[in-house]
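See structure below.
Order of listing sets the numbers, starting from 1, for every ligand and every atom in it. Side chains included, hydrogens not; waters and symmetry mates left out as well; all remaining heavy atoms used.
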Amino acid sequence: MKLIIAVPSKGRISNPSVEMIEQAGLGLKDSSNRKLFSSTYNENIDIMFARAADIPEFVAEGIVDMGITGLDLIKESNADVEILTDLNFGQTSLVLASPENSKIKSEKDLKDGMAIATEFPNLTKKYLDSKNLKKIKIVKLTGSTEIAPFIGIADAITDLTSTGTTLTMNHLKIVDTLLKSSIKLITNKNIYNNDKNKKILIDEVKTSICGVINAKQKKLIMMNVASADLNNVKDVMPAMTGPTISEVLSKIDTVAVQAVVDEDEVFELINKLRKAGAHDILVVPIERII
Ligand SMILES: Nc1ncnc2c1ncn2[C@@H]1O[C@H](COP(=O)(O)OP(=O)(O)OP(=O)(O)O)[C@@H](O)[C@H]1O
Ligand SMILES: O=P(O)(O)OC[C@H]1O[C@H](OP(=O)(O)OP(=O)(O)O)[C@H](O)[C@@H]1O
Ligand SMILES: [Mg+2]
C-alpha cells in the first residue's frame with residue numbers, strides 16, 4: 001500500500017510546501033500544473049494536490065495518509081488529525097478587526113444584531129460563543145473580507161493578517177486575536193496509531209522534513225587555518241559545534257576546519273575568524289540535517 005501525502009495545489013503555501021517535500025528527498029516525478037497526482041523518487045510515496053482548505057478533511061477521513069496545511073484551516077474544519085510537526089512558514093494571525101473610526105474597540109463593544117464578515121465562520125462562532133456573544137450575525141465571504149465594513153455588510157471582520165498591510169490599507173484596526181496559525185505536517189490518527197508499516201513510513205517522512213527545517217537555520221562553514229593560528233580559531237568557534245579539523249595535504253602547517261553554525265551567527269563569526277587567522281572561508285548551505 002502506497003502512502004499518499006496531500007500538498008496544496010494553489011495559493012501562497014503551494015510552492016513552499018512542494019519545495020519542502022522535494023528537499024526532504026521526495027522529488028516529484030510529475031509536477032506539471034494541472035496534475036492531481038505525482039509519484040515521487042520514493043516508490044512507496046505519492047503526492048496528491050488539493051486545495052489547502054480541503055486537506056484537513058481528506059486527512060481526517062483517511063482519503064490521504066498525510067498532508068500539509070495551515071492550523072487555521074485545520075481548526076476551521078474541525079478535522080480530527082494528528083499534528084506531526086510545525087513547518088516554520090505561513091505564520092499569520094486570525095484577528096477581529098473593525099474600522100479605525102468605529103466604536104468597536106474591544107469585543108465587549110459588539111452589540112446584539114451587529115454583523116461580522118469572515119472566511120472563518122466556525123472559528124468566529126466559537127470565539128463569539130466563548131465571549132457569550134450569541135446574537136452577532138456571521139456573514140460568510142470567500143475572500144477580500146476587509147472591504148465588508150465599507151460596503152455596509154458588516155460592522156467588523158475576522159481575517160488573517162501577517163504584515164498588517166491589508167488591514168492598514170483598508171483603515172481597519174485589530175481588536176482581538178482569535179488564533180495564531182502556521183503551516184503543519186499532519187497525519188490520519190487511525191492510520192498513525194494502527195497501521196504499523198505506514199507509521200514507519202510516516203515517521204521517516206517527518207524525520208526528513210524536520211531535517212530540512214533544521215538545515216534551513218544552519219550553514220556549513222569551511223576554512224583553511226595555519227596550524228599556529230588553530231587555537232585562536234577554535235576559541236572563536238561557537239561552543240556547541242565541535243569543529244572538524246583535517247590536514248591539507250598540499251600545504252604543510254595548514255589545516256582545514258569545518259563546522260555547522262547557526263545562520264544568524266555567520267556574519268559576526270566570519271569577521272572574528274578572519275581576525276583569528278582563518279582564510280579561504282566558505283559558507284555553504286545545507287540541504288538536510290538528520
Ligand atoms: N497573509 C498571510 N500570511 C501568511 N500566511 C497566510 C496569509 N494568508 C493566508 N495564509 C495561510 O495560507 C494558507 C493557505 O491559504 P489559502 O488556501 O487561502 O491560500 P491563499 O494563498 O490565501 O489562496 P487563495 O486565498 O487565493 O485561495 C492558510 O493556512 C493561511 O493560514
Ligand atoms: O497582513 P498582510 O500581510 O497584508 O496579509 C493579510 C492578507 O493575506 C490574506 O489574503 P490573501 O492574499 O490570501 O487573499 P484573499 O483575501 O483573497 O484570501 C488575508 O486574507 C489578508 O487579506
Ligand atoms: Mg487567502
Side-chain angles (χ1 to χ4, degrees), residues 5-21 31 33-36 47-61 63-64 66-100 102 115-127 138-151 153-187 209 213 216:
I5 309 174
V7 172
S9 53
K10 293 185 185 165
R12 68 179 69 224
I13 65 166
S14 177
N15 282 342
S17 302
V18 171
E19 217 169 80
M20 198 163 263
I21 286 284
S31 56
N33 260 346
R34 297 269 144 203
K35 272 269 185 173
L36 296 180
I47 300 299
M48 186 180 103
F49 292 100
R51 296 307 300 254
D54 295 330
I55 289 177
E57 205 59 42
F58 289 169
V59 173
E61 295 295 326
I63 293 162
V64 295
M66 301 179 79
I68 294 180
T69 193
L71 183 67
D72 53 338
L73 301 172
I74 298 167
K75 296 274 186 201
E76 176 64 20
S77 70
N78 220 355
D80 189 18
V81 297
E82 180 82 29
I83 296 178
L84 292 169
T85 185
D86 185 66
L87 297 181
N88 218 7
F89 69 94
Q91 286 88 354
T92 182
S93 298
L94 180 65
V95 297
L96 173 67
S98 69
E100 279 161 3
S102 143
I116 295 183
T118 186
E119 285 182 63
F120 295 88
N122 295 331
L123 285 172
T124 302
K125 168 107 183 32
K126 215 167 153 193
Y127 169 78
I138 293 175
V139 180
K140 163 100 173 80
L141 298 181
T142 55
S144 306
T145 310
E146 291 90 350
I147 202 73
F150 297 96
I151 57 175
I153 59 170
D155 303 279
I157 64 166
T158 63
D159 201 2
L160 298 173
T161 180
S162 48
T163 63
T165 313
T166 315
L167 289 178
T168 307
M169 263 171 39
N170 288 287
H171 305 287
L172 295 162
K173 62 177 188 297
I174 296 177
V175 172
D176 201 1
T177 298
L178 281 64
L179 175 79
K180 284 195 183 293
S181 175
S182 58
I183 309 305
K184 308 285 178 188
L185 182 68
I186 58 175
T187 190
I209 289 185
I213 297 165
K216 274 193 201 300

Identify, by atom number and element, the atoms of ligand 2 in contact range of [X], meaning under 4.0 Å from any of its heavy atoms.
X	answer
Thr166	2 (P), 4 (O), 5 (O), 6 (C), 7 (C), 22 (O)
Thr163	1 (O), 2 (P), 3 (O), 4 (O)
Glu146	21 (C), 22 (O)
Thr165	1 (O), 4 (O)

Check: Can you check whether Lys180's main-chain N or O pairs, donor with acceptor, with Ser93's side chain at less than 3.5 Å?
Finding: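 Flag not set: sc Ser93 to bb Lys180 has no pair under 3.5 Å.
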
Note to self: Checking the N or O distance criterion of under 3.5 Å, is ligand 2 in contact with Leu160?
What the structure shows: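 No, since none of the N or O atoms of Leu160 sits under 3.5 Å from an N or O of ligand 2.
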
Next item on the list: Search all heavy atoms of Ile157 against all heavy atoms of Ala148 and return the closest pair with its distance.
Entry: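 Scanning both residues completely, I find the closest heavy atoms to be CG2-CB, 4.3 Å.
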
Next item on the list: Can you see which heavy atom on Leu178 is nearest to which on Val95, and at what distance?
Entry: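 Minimum heavy-atom separation between Leu178 and Val95: CD1-C, 4.0 Å.
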
With a 4.0 Å cut-off on heavy atoms, is [X] touching ligand 1?
X	result
Glu119	no
Ala53	no
Gln91	yes

Checklist line | Sub-4.5 Å side-chain heavy-atom contact between Leu172 and Pro99 | finding: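 Yes. Closest side-chain heavy atoms under 4.5 Å.
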
Item checked: Leu141 side chain near Ile147 side chain, heavy-atom distance below 4.5 Å ->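 No - every pair of side-chain heavy atoms lies 4.5 Å or more apart.
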
Next item on the list: May I ask whether Glu119 has any heavy atom positioned less than 4.0 angstrom from an atom of ligand 2?
Entry: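 It does; at least one heavy atom falls under 4.0 Å.
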
Next item on the list: Please determine if Thr161 has a nitrogen or oxygen closer than 3.5 Å to a nitrogen or oxygen of ligand 1.
Entry: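 No, since none of the N or O atoms of Thr161 sits under 3.5 Å from an N or O of ligand 1.
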
Next item on the list: Would you check the N or O atoms of Lys10, main chain and side chain alike, for any that come under 3.5 Å of an N or O of ligand 1?
Entry: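 N/O-N/O distance under 3.5 Å: no.
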
Proximal ligand 1 atoms for [X], defined as those under 4.0 Å from one of its heavy atoms:
X	result
Gly70	29 (O)
Leu73	28 (C), 29 (O)
Ile13	12 (O), 13 (C), 14 (C)

Item checked: salt bridge (charged side-chain N to carboxylate O under 4.0 Å, His left out) partners for Lys173, two or more places apart ->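 Salt bridge (charged side-chain N to carboxylate O under 4.0 Å, His left out) check on Lys173 returns nothing, list empty.
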
Note to self: Lys125: which residues meet the salt bridge (charged side-chain N to carboxylate O under 4.0 Å, His left out) condition with it, sequence neighbours left out?
What the structure shows: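 Here the qualifying residues are Asp129.
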
Margin query: With a 6.0 Å cut-off (strictly less than), is the heavy-atom count around NZ of Lys216, excluding the residue itself, greater than 12?
Written below: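 Yes - once you tally the heavy atoms of other residues, nucleotides and ligands closer than 6.0 Å, there are more than 12.
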
Checklist line | Candidate with minimal heavy-atom separation from atom 8 (N) of ligand 1, of Glu76, Arg51, Arg12 | finding: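 Shortest heavy-atom distance from atom 8 (N) of ligand 1: Arg12.
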
Next item on the list: With heavy atoms only and a cut-off of under 4.0 Å, state how Asp159 meets ligand 2: side chain, backbone, both or neither.
Entry: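 Side chain only.
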
Note to self: What's the separation between atom CD1 in Ile55 and atom OG in Ser77, rounded to the nearest 0.5 Å?
What the structure shows: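 Separation between the atoms: 11.0 Å.
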
Note to self: Let me confirm one number: the CG-CG distance from Leu94 to Asp176, rounded to the nearest 0.5 Å.
What the structure shows: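 One gets 10.0 Å once the value is rounded to the nearest 0.5 Å.
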
